Colleague: 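Take this structure first; my questions come after.
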Amino acid sequence: MNKKKCSFKLIGYELRNINGNFMTHFFGIVFPNIMSLILAQTVGSQVPDGMRQQTVTSIMLSMSLVIPMAIMLLGYGCIYSQEVERGIPLRMQLFGFEERVVMAAKVAAHVTFMTVALVIFGVFQLLFMDVSRPRFASLLCLLVSLYLIGVFLLIIAHSLANLFRRFSVTFGVSMILYFGLMILTGMMGIRTEQLPEALRRAARTLPMTYVSNDFIDFWQGGSYNYMPLLQSFLFLGAMSGILLLLSLHRSRRVLR
């Protein structure tokens, strides 16, 4: 059998799949821009003028996290779980497309779409939001964090789809994770320090907490202790890796 390689044609096919998913467009592009505008108008009007720009910038940082969470967790989970339920990955293998090749195309397509969403978000912030201009190092740290979060969440979504093998269950669990992460990391109007102690401990294991709550402190300069952020990335990476291994074991049992 002639084994296929990852190509622009295959990546384009995956991009067309993404474009056919309304949820990815709404939650990944429309929702963070609308929410940042609404929160800036409501919350920003309640703070003194001297703190308004900092408040709006903090809102922008929190809403930027919605993009990888929506595209990589919800969007990818919806698309891939439907494919698994219909047996499409198995048929792709029969036509010579190895799983790693298909996975590489999916990652490339979703990273491309996420990049487009981030560019739209950035342009929207510059045009309609009174955000403070960051240092280059701070902006780079934010972008690296968003892409790492996105990749880990994609692995989690991929693993959940292979573990449950049903769209309805995968979608339900993904939505619970999505809103649970938003609550834990202070993106739903409740700051992390307002949560019970057990939930605060759980939140400190997630990199989204540090992006949402701490990045504003060094956005325009200053020092920052990166160790808790790095530890949270290690934890999220370990969790996604464990889920991936469990899903691979499950897939081998199903194929037998």
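Values in this document were obtained by computation on a predicted structure and should not be read as measured data. We count residues from 1, following the sequence as given.
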Colleague: How far apart are the closest heavy atoms of Asn21 and Gly75, and which atoms are they?
Modeller: ND2-O, 3.5 Å

Colleague: Quick one: ring-ring contact (aromatic ring centres under 6.0 Å, His included) pairs with a partner in residues 35-57, sequence neighbours left out?
Modeller: none

Colleague: Spell out, as yes or no, whether a donor-acceptor pair under 3.5 Å connects the side chain of Glu85 to the backbone of Ser81.
Modeller: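 No: the side chain of Glu85 does not pair with the backbone of Ser81.
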
Colleague: Keeping Trp219 on the side-chain end and Ser132 on the backbone end, is there a donor-acceptor pair under 3.5 Å?
Modeller: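 Looks like yes, one N/O pair under 3.5 Å.
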
Colleague: Per the salt bridge (Lys or Arg N to Asp or Glu O under 4.0 Å) rule, what does the pair list look like for residues 136-152, sequence neighbours excluded?
Modeller: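 Not a single pair qualifies under salt bridge (Lys or Arg N to Asp or Glu O under 4.0 Å).
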
Colleague: Find out whether Met72 and Ile155 are in side-chain contact, i.e. whether some heavy atom of one side chain is under 4.5 Å from a heavy atom of the other.
Modeller: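 Side chain of Met72 against side chain of Ile155, heavy atoms only: no contact under 4.5 Å found.
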
Colleague: Can you see which heavy atom on Ala117 is nearest to which on Gly28, and at what distance?
Modeller: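 What the structure gives for the nearest pair is CB-O, 3.8 Å.
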
Colleague: So how far is it from Leu195 CG to Thr209 OG1, rounded to the nearest 0.5 Å?
Modeller: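 It comes to 9.0 Å.
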
Colleague: Do other residues, nucleotides or ligands put more than 12 heavy atoms under 6.0 Å from the CE atom of Met175?
Modeller: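 Counting other residues, nucleotides and ligands, CE of Met175 exceeds 12 neighbours.
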
Colleague: So do the side chains of Leu73 and Leu154 get within less than 4.5 Å of each other, counting heavy atoms only?
Modeller: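 They are not in contact (no side-chain heavy atoms under 4.5 Å apart), so the answer is no.
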
Colleague: Out of curiosity, Leu126 CG to Phe121 CZ, how far, rounded to the nearest 0.5 Å?
Modeller: 10.5 Å

Colleague: Does any part of the side chain of Ser145, heavy atoms only, come nearer than 4.5 Å to the side chain of Phe233, both counted from C-beta?
Modeller: yes

Colleague: Just grab all the side chain to side chain donor-acceptor pair (under 3.5 Å) pairs involving residues 63-72, residues at least two apart or on different chains.
Modeller: none

Colleague: Could you pull out all residues at least two apart from Phe31 that satisfy ring pair (Phe, Tyr, Trp, His ring centres under 6.0 Å)?
Modeller: Phe27

Colleague: Could you pull out the closest heavy-atom pair between Ser240 and Ser159, with the gap in Å?
Modeller: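 Ser240 and Ser159 have their closest heavy atoms at O-OG, 4.3 Å.
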
Colleague: Quick check for you: to the nearest 0.5 Å, what is the distance between Ser247 atom OG and Leu244 atom CG?
Modeller: 4.5 Å

Colleague: Are any of the side-chain heavy atoms of Met63 and Val66 separated by less than 4.5 Å?
Modeller: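 The answer is yes; the side chains approach within 4.5 Å.
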
Colleague: Suppose the criterion is salt bridge (Lys or Arg N to Asp or Glu O under 4.0 Å): which pairs have a residue in residues 102-129, not counting sequence neighbours?
Modeller: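 Matches after skipping sequence neighbours: Glu14-Lys106, Glu83-Lys106.
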
Colleague: Got Met69 and Leu74 here, is their nearest side-chain heavy-atom distance under 4.5 Å?
Modeller: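 The answer is no; the side chains never approach within 4.5 Å.
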
Colleague: State, yes or no, whether a side-chain contact exists between Ser232 and Leu229 at a heavy-atom distance under 4.5 Å.
Modeller: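 A side-chain contact exists here, since the closest heavy-atom pair is under 4.5 Å.
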
Colleague: Pairs in or reaching into residues 129-148: which pass salt bridge (Lys or Arg N to Asp or Glu O under 4.0 Å), with residues at least two apart or in two chains?
Modeller: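 The answer is none; no pair qualifies.
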
Colleague: What side chain to side chain donor-acceptor pair (under 3.5 Å) pairs are there with at least one residue in residues 177-187, not counting sequence neighbours?
Modeller: none

Colleague: Under the ring pair (Phe, Tyr, Trp, His ring centres under 6.0 Å) test, which residues partner Tyr224, sequence neighbours left out?
Modeller: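 Listed in chain order: Phe218, Tyr226.
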
Colleague: Would you check if Leu146 and Ile67 make a side-chain contact, meaning some heavy-atom pair closer than 4.5 Å?
Modeller: no

Colleague: Taking only residues two or more places apart in sequence, or in another chain, which ones meet Phe171 in a ring pair (Phe, Tyr, Trp, His ring centres under 6.0 Å)?
Modeller: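 Phe171 satisfies ring pair (Phe, Tyr, Trp, His ring centres under 6.0 Å) with Phe167 only.
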
Colleague: What's the verdict on side chain to side chain contact (heavy atoms under 4.5 Å, CB included) for Asn162 and Leu248, showing C-alpha distance, side-chain angles and the deciding distance?
Modeller: CA-CA 8 Å; Asn162 280 324; Leu248 290 174; 5.8 Å; no

Colleague: Nearest 0.5 Å, please: how far is CG in Leu118 from CD1 in Ile29?
Modeller: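 Output value for this atom pair is 10.0 Å.
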
Colleague: Mind checking whether Leu177 and Ile156 have side chains closer than 4.5 Å, heavy atoms only?
Modeller: yes

Colleague: Has Ser58 got a side-chain atom pairing as donor or acceptor with Thr55's backbone, closer than 3.5 angstrom?
Modeller: no

Colleague: Could you note down all residue pairs passing ring-ring contact (aromatic ring centres under 6.0 Å, His included) where residues 128-152 supplies at least one of them, sequence neighbours left out?
Modeller: Phe124-Phe128

Colleague: Pairs in or reaching into residues 25-39: which pass side chain to side chain donor-acceptor pair (under 3.5 Å), with residues at least two apart or in two chains?
Modeller: Asn19-His25, Ser36-Gln125

Colleague: Hey, what do you get for OH (Tyr13) to CZ (Arg16), rounding to the nearest 0.5 Å?
Modeller: 8.5 Å

Colleague: About how many Å separate OG1 of Thr24 and CZ of Phe26, when rounded to the nearest 0.5 Å?
Modeller: 12.5 Å

Colleague: Excluding sequence neighbours, so at least two apart, what forms salt bridge (charged side-chain N to carboxylate O under 4.0 Å, His left out) with Arg200?
Modeller: Glu197

